[in-house]
Amino acid sequence: MYQRWVDAGYFTADAASAKPAFCIVIPPPNVTGSLHMGHALEHSLMDALTRRRRMQGYEVLWLPGMDHAGIATQNVVERELAGEGRSRHDLGREAFVERVWRWKAESGGMILNQMRRLGDGVDWSRERFTMDAGLSRAVQTIFKRLYEDGLIYRAERIINWCPRCHTALSDIEVEHSDDEGELISVRYGDGDGAIVVATTRAETMLGDTAVAVHPDDDRYRHLIGTEVALPLTGRVVPIIADDHVDPEFGTGAVKVTPAHDPNDFEIGRRHDLPALTIMDERGVITAHGPFEGLDRFEARPAVVAALREQGRIVAEKRPYVHAVGHCSRCDTVVEPRLSLQWFVKVAPLAKAAGDAVRDGRTTIHPAALAQRYFDWVDNMHDWCISRQLWWGHRIPVWYGPNEKVVCVGPDEQPPEGDGWEQDPDVLDTWFSSALWPFSTLGWPSRTADLDRFYPNTVLVTGYDILFFWVVRMMMFALYAMDDVQPFHHVYLHGLIRDAHGKKMSKSRGNAIDPLDWLDRYGADATRFTLARGANPGGDMALADEWAAGSRNFCNKLWNASRFALMNGATVAQPLPARDRLTDADRWILDGVDALVSEVDQLFEDYQFAKLCELLYHFTWDEFCDWYLELAKVQLAEGGARADSTRLVVGHVLDTLLRLLHPVIPFVTDVLWKSLTGNESLVIAAWPTASGTEPDTAAAGRIAAVQRLVTEIRRFRSDQGLKPGQRVPARLSGMDTADLTAHAAAVASLARLERPDESFTASATLEVGGITVELDLSGAVDVEAERKRLAKDLAAAEKELAQTEAKLGNPQFVDRAPAEVVAKIKARHEQAAADIKRIGARMEALAGERSLRGDGIA
RNA sequence: GGGCGCAUAGCUCAGCGGAAGAGCACUCGGUUUACACCCGAGCGGUCGCAGGUUCAAGUCCUGCUGCGCCCACCA
């Protein structure tokens with residue numbers, strides 16, 4: 001069925017159409033990735049949004065694609081090479097990149113096929129990859145523009161370095177965790193000139209070029225300007241004063257290692273200190289001496305041991321828990337490292353990104369998360385964009401003789417001649433993803449797609465990626481597109497958790513594979529489950545039971561449709577005039593009308609969980625459990641009544657299928673085609689409310705029927721009657737309650753039958769003014785009924801007391817809205833009537849003896 | 001260290017100023033010709049604790065306790 005949708009071109013956007021545009025670009029999954037629950041959720045929501053808009057007559061573009069995922073992909077291929085006993089260096093750059101492309105062709109993009117199984121209505125004719133020619137052109141174009149505007153610069157800075165991946169990382173690629181370390185205090189120098197500093201990374205003292213104290217710190221004022229000899233190396237460094245030092249922390253004196261700590265680097269810059277690099281890119285000590293050649297984690301204890309031997313350690317705190325950065329890719333402890341890298345100057349871009357949300361050009365749903373967005377945007381550091389990798393967009397900068405530097409645009413030739421070489425680094429993966437909302441539409445060319453589908457209507461992504469990606473798209477899009485925002489709305493969904501709210505992860509072993517659900521429960525049930533759990537910004541707990549419940553619902557829909565079709569439900573003719581419809585017909589039609597409006601509103605607010613709940617409840621409880629049961633009675637009447645009932649059933653089912661299609665696309669399409677004979681629900685019109693004034697009187701009578709039926713069932717259940725057993729009964733008072741027309745329905749739903757001459761009432765109950773006399777053939781369970789009555793009485797008495805207290809409070813009667821007071825008054829009267837009724841019944845029962853239950857001999 | 005969020009039925013969560021809700025689980029009953037992936041009837045909550053505002057408080061405010069998340073260049 002999916003392929004038929006695709007082949008029919010339902011998902012192919014037409015930039016030239018006159019319809020209003022609706023566009024979502026897919027958050028590009030990594031080319032290395034396969035579908036996990038997070039994707040399944042995200043895609044279910046995007047598909048629901050696009051399907052509804054398509055049905056509403058929008059020109060919908062949902063654009064698919066993938067991300068080249070620099071480090072992740074390079075790691076995969078390097079691992080593959082390692083299996084062959086080779087490294088990328090054995091291949092050389094060109095051959096390696098070639099190999100990655102081959103890997104992509106052969107094993108990449110598994111996720112695209114998995115998206116088909118989910119039913120994603122994406123426009124495959126517009127599939128993009130961040131390393132496409134077109135997107136590469138976009139990367140080069142914006143790089144050059146930023147470079148020329150002075151917003152990209154190259155500088156020697158302390159950056160996060162992964163000693164395993166051998167590359168720089170941006171701040172967001174570093175994850176902090178509380179690790180155990182040890183904080184040692186070391187005495188530098190001797191005698192009067194001695195000063196004690198604290199450190200967690202003892203090995204870095206090999207690169208110390210100063211000791212700093214706070215200028216106002218009286219303890220050390222006399223030492224400022226003096227020099228001190230470092231332990232172990234004996235190198236002499238100055239003691240300087242700097243405001244950055246916190247006198248409260250540790251000893252109030254800091255060792256300064258400009259080449260291996262970002263703070264120290266800044267201090268070094270302020271005081272013109274030399275930066276001494278003592279470690280190579282693998283994290284191995286390069287400083288000459290006894291520690292040379294040791295890994296940083298071997299060097300640390302070795303240095304500590306040497307210090308201890310010299311009696312330099314005056315205090316140690318162990319374990320000392322502090323935040324340590326790890327590579328988000330391989331979990332290796334990140335090393336701050338001084339190196340020459342490319343940066344984006346984010347301040348002006350971030351300002352624009354903040355403004356676009358502040359002034360409402362882009363709205364964030366749920367709004368509460370906008371605050372986080374601002375926090376991030378207002379405190380962003382410059383973004384390190386160069387990576388020492390081979391897989392990615394190579395930096396379009398050439399270095400020539402005499403330190404000449406040329407940035408090469410997309411249509412320009414690189415400079416020729418001796419000594420010109422291109423920068424070996426590639427760009428951070430997020431650099432190209434940041435262009436995604438417009439590069440995929442053809443930018444920098446001015447294409448019809450770009451005209452039509454930019455800004456994108458809505459971006460759907462997880463709140464965990466708000467900073468990583470959304471902020472960057474905002475920055476680059478506003479910059480490239482003359483301050484026009486990349487999307488009108490950002491909808492942030494939550495994270496998937498297991499049944500107990502724990503994060504799902506492969507290592508934890510609690511991950512549910514969406515493909516498994518697809519196999520066992522089907523795409524419809526999987527999607528409905530995910531949409532049903534999607535409260536804006538809220539995480540959702542998942543377990544097999546939820547999927548089973550959704551599967552049951554899809555099945556219910558199938559069976560209800562089967563019943564409808566078996567009974568000749570149809571949409572072939574317009575609905576009969578209202579006055580020819582029954583109360584039940586009007587009630588369900590009005591209900592559907594209200595449902596359409598509510599579902600619409602909830603869609604507008606991205607309230608997926610609520611709209612699913614509403615549809616679930618209406619379909620199952622209202623339509624199946626009540627209306628279809630009432631319809632059976634009407635169908636049994638035959639004639640015109642049966643004919644009109646077929647039309648009502650057809651109309652309601654038709655509407656429900658349309659409303660459910662965005663979240664349950666497959667089975668609804670099948671059923672709808674059978675019901676209507678039309679081509680496909682995918683391109684059917686979204687329902688609109690009829691605008692008919694709801695018949696509240698009819699709804700009231702149906703509610704009365706429901707109450708009556710439920711009470712009789714409850715009574716029967718108490719009496720231990722089989723649910724299916726027909727019980728002779730006499731109803732009186734139906735006329736005064738205006739329910740005469742519903743006698744047959746009540747009898748059918750409550751399993752009552754017309755009494756014959758031998759009828760003797762052995763039990764009576766009264767509901768809303770109607771007396772029901774039943775012939776239980778003597779088998780009356782007085783005890784059960786007594787128990788029930790006692791319970792009901794207690795509830796009614798509590799109610800009476802509560803309402804009385806309220807009504808007795810003049811301030812309440814005075815100040816509460818009349819409507820509320822009236823409601824309380826009604827409850828009070830109802831409680832009083834109930835007590836009276838129950839009392840009378842109990843009195844009548846007083847003389848009875850149970851013929852059933854425990855009391856029977 | 002800074003910021004944010006959450007504590008409601010056994011579980012996962014809605015409700016956010018006027019009668020405590022849903023799904024799942026559980027109990028009882030069921031050959032009711034659409035459906036046992038079902039039908040009917042139930043059981044189950046002093047809405048984390050302590051104060052305060054209000055005629056009225058899961059619902060607003062303050063404090064406390066317990067979780068969770070995000071950010072972070074205190075060595």
Check whether any side-chain heavy atom of [X] lies under 4.5 Å from a side-chain heavy atom of [Y], and answer yes or no.
{"X": "Lys632(A)", "Y": "Ser748(A)", "value": "no"}
{"X": "Cys384(A)", "Y": "Arg157(A)", "value": "no"}
{"X": "Tyr373(A)", "Y": "Val377(A)", "value": "yes"}

Touch class at under 4.0 angstrom, heavy-atom based, for [X] against every strand present:
{"X": "Asp246(A)", "value": "base"}
{"X": "Ala548(A)", "value": "nothing"}
{"X": "Lys632(A)", "value": "base"}
{"X": "Tyr320(A)", "value": "sugar-phosphate"}
{"X": "Pro817(A)", "value": "base"}
{"X": "Ala816(A)", "value": "base"}
{"X": "Cys554(A)", "value": "nothing"}
{"X": "Gln607(A)", "value": "nothing"}
{"X": "Trp546(A)", "value": "base"}
{"X": "Asp264(A)", "value": "nothing"}
{"X": "His617(A)", "value": "nothing"}
{"X": "Glu248(A)", "value": "nothing"}
{"X": "Thr710(A)", "value": "sugar-phosphate"}
{"X": "Lys722(A)", "value": "sugar-phosphate"}

Looking only at side-chain N and O atoms, does [X] come under 4.0 Å of OP1 or OP2 in [N]?
{"X": "Lys798(A)", "N": "A19(B)", "answer": "no"}
{"X": "Asn552(A)", "N": "C38(B)", "answer": "yes"}
{"X": "Arg562(A)", "N": "A34(B)", "answer": "no"}
{"X": "Arg716(A)", "N": "A41(B)", "answer": "no"}
{"X": "Trp620(A)", "N": "C39(B)", "answer": "yes"}

Sort out the partner of [N] for me: Watson-Crick or G-U wobble, both distances under 3.5 Å, none otherwise.
{"N": "C71(B)", "value": "G1(B)"}
{"N": "U31(B)", "value": "none"}
{"N": "C11(B)", "value": "G23(B)"}
{"N": "C55(B)", "value": "G18(B)"}
{"N": "C6(B)", "value": "G66(B)"}
{"N": "C47(B)", "value": "none"}

Mind checking the [atom1] distance from [N] to [M]? Whole angstroms is fine.
{"N": "G18(B)", "M": "A57(B)", "atom1": "P", "result": "11 Å"}
{"N": "C6(B)", "M": "C16(B)", "atom1": "P", "result": "13 Å"}
{"N": "G63(B)", "M": "G2(B)", "atom1": "P", "result": "15 Å"}
{"N": "G45(B)", "M": "C38(B)", "atom1": "C1'", "result": "29 Å"}
{"N": "C74(B)", "M": "C4(B)", "atom1": "C1'", "result": "23 Å"}
{"N": "G58(B)", "M": "U53(B)", "atom1": "P", "result": "15 Å"}
{"N": "G15(B)", "M": "G21(B)", "atom1": "C1'", "result": "7 Å"}

Salt-bridge criterion met for Asp605(A) and Lys610(A) (N-O under 4.0 Å): no
Could you work out which one of [options] sits closest to the side chain of [X]?
{"X": "Pro723(A)", "options": "G29(B), A56(B), A14(B)", "answer": "G29(B)"}
{"X": "Asp625(A)", "options": "G40(B), A72(B), A34(B)", "answer": "G40(B)"}
{"X": "Lys806(A)", "options": "G18(B), A34(B), G42(B)", "answer": "G18(B)"}

Nearest 0.5 angstrom please: Leu614(A) CG to Glu622(A) CD, how far?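 Atom-to-atom, Leu614(A):CG and Glu622(A):CD are 9.5 Å apart.
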For Arg187(A), does its backbone N or O pair with a side-chain atom of Arg312(A) as donor and acceptor, under 3.5 Å?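 Yes, because the side chain of Arg312(A) sits within donor-acceptor range (under 3.5 Å) of the backbone of Arg187(A).
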Let me know the distance between [atom1] of [X] and [atom2] of [N], rounded to the nearest Å.
{"X": "Arg827(A)", "N": "A56(B)", "atom1": "CZ", "atom2": "C1'", "result": "12 Å"}
{"X": "Asp208(A)", "N": "A75(B)", "atom1": "CG", "atom2": "C1'", "result": "11 Å"}
{"X": "Asp178(A)", "N": "G2(B)", "atom1": "CG", "atom2": "P", "result": "14 Å"}
{"X": "Asp621(A)", "N": "G23(B)", "atom1": "CG", "atom2": "C1'", "result": "11 Å"}
{"X": "Asn535(A)", "N": "U8(B)", "atom1": "CG", "atom2": "C1'", "result": "15 Å"}
{"X": "His322(A)", "N": "A72(B)", "atom1": "NE2", "atom2": "C1'", "result": "14 Å"}
{"X": "Leu495(A)", "N": "G68(B)", "atom1": "CG", "atom2": "P", "result": "15 Å"}
{"X": "Arg497(A)", "N": "C13(B)", "atom1": "CZ", "atom2": "P", "result": "9 Å"}

Could you check G23(B) for me: syn (within 90° of 0) or anti?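 Chi for G23(B) falls in the anti range.
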Looking at Arg713(A) and A41(B), is any side-chain donor or acceptor paired with a base atom of the opposite kind under 3.5 Å?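 Under the 3.5 Å cut-off, the side chain and the base do not form any donor-acceptor pair.
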Less than 3.5 Å between a donor and an acceptor, one on the side chain of Arg551(A) and one on the base of C37(B), is that the case here? yes
How about Trp558(A): does its CH2 atom have over 12 heavy atoms from other parts shown lying under 6.0 Å from it?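 No, because the 6.0 Å sphere around CH2 of Trp558(A) holds 12 heavy atoms or fewer from other groups.
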Ring pair (Phe, Tyr, Trp, His ring centres under 6.0 Å) partner of Phe528(A), the single match among Phe608(A), Phe553(A), Trp546(A):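 Running ring pair (Phe, Tyr, Trp, His ring centres under 6.0 Å) over Phe608(A), Phe553(A), Trp546(A) with Phe528(A) returns exactly one hit, Phe553(A).
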Any idea how Trp517(A) and Tyr521(A) line up, ring-wise: parallel (<30°), tilted (30 to 60°), or perpendicular (>60°)?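 Answer is perpendicular, since the angle exceeds 60°.
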